[in-house]
Amino acid sequence: LKLSRHQGPTALRTSSVCAMASVSAAPSYLPLALIDKCIGSRIWVIMKGDKEIVGTLRGFDDYVNMVIDDVKEYTFTAQGKKVTHLESILLNGANITMMVPGGNPEEDDVKGSGS
């Protein structure tokens, strides 16, 4: 390996790091590919603020805006939990905090009350 005067020893280290970074032992998935696997399945979406959405994911775009059918919207207030049933919604992806494929907030209530 020959280095020019303009390249110092860091040039060699950089190329070695790049070569090592391309070797991977475990498969990796992009976030949009994981969401794509959830189409047609139930999904629990935790929103910014005091809302959670549970429904069947029908589709999404690159901004993770989602179309969800058979929706239960949970709103948490000082007075307690309010549940609203909706046929279909278009959810703005900018307001999503976390998604749980196959999750359901009511399962946690059932598990918690049995302890």
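All figures in this text were calculated on a predicted structure; none of them were measured in a lab.
Considering OG1 of T75 and CD of E52, their distance stands at 9.5 Å, rounded to 0.5 Å. Distance check: F60 CZ to L90 CG gives 14.0 Å after rounding to the nearest 0.5 Å. Distance check, rounded to the nearest 0.5 Å: OH of Y74 to OG1 of T84 gives 10.5 Å. Taking CD1 from I53 and CD1 from I46, the interatomic distance works out to 11.0 Å, rounded to the nearest 0.5 Å. Of the inter-residue distances, the one linking H85 atom NE2 with E73 atom CD reads 11.0 Å to the nearest 0.5 angstrom.
By the 4.5 Å heavy-atom criterion applied to side chains, L91 and V45 are counted as neighbours. No side-chain heavy atom of K51 sits less than 4.5 Å from a side-chain heavy atom of N95. No side-chain heavy atom of N104 sits less than 4.5 Å from a side-chain heavy atom of W44. Residues L32 and V64 meet the side-chain proximity criterion, which asks for heavy atoms closer than 4.5 Å.
Hydrophobic clustering (side-chain heavy atoms under 4.5 Å, transitive across Ile, Leu, Val, Met, Phe, Trp, Tyr) keeps L86 apart from V54. Criterion: ILVMFWY side-chain heavy atoms under 4.5 Å apart, direct or through other members. Under it, I96 and V100 are not part of a common hydrophobic cluster. In the hydrophobic clustering of this structure, I68 does not group with Y63; members are Ile, Leu, Val, Met, Phe, Trp, Tyr whose side-chain heavy atoms approach within less than 4.5 Å, directly or through other members. Both I89 and M47 are part of a single hydrophobic cluster, where members link through side-chain heavy atoms under 4.5 Å apart.
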Would you tabulate the side-chain donor-acceptor contacts of residues 33-43 under 3.5 Å, counting partners in other chains and residues two or more places apart, or write 'none'?
from, atom 1, to, atom 2, distance (Å)
R42, NH1, T56, OG1, 3.3
R42, NH1, D70, O, 3.1
R42, NH1, D70, OD2, 3.3

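Taking a 4.5 Å side-chain heavy-atom cut-off between Ile, Leu, Val, Met, Phe, Trp and Tyr, the cluster of L30 contains only that residue.
Screening residues 53-63 for salt bridge (Lys or Arg N to Asp or Glu O under 4.0 Å), with sequence neighbours left out, gives R58-D69.
With sequence neighbours left out, the side-chain contact (heavy atoms from CB on, under 4.5 Å) criterion links D50 to F76. Under the side-chain contact (heavy atoms from CB on, under 4.5 Å) criterion, T97 pairs with K48, sequence neighbours left out. Residues meeting the side-chain hydrogen bond (donor to acceptor under 3.5 Å, both in side chains) test with K72, sequence neighbours left out: none.
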Worksheet entry | Stepwise side-chain contact (heavy atoms from CB on, under 4.5 Å) check, S88 with V67 | CA-CA 7 Å; S88 186; V67 175; 4.3 Å; yes
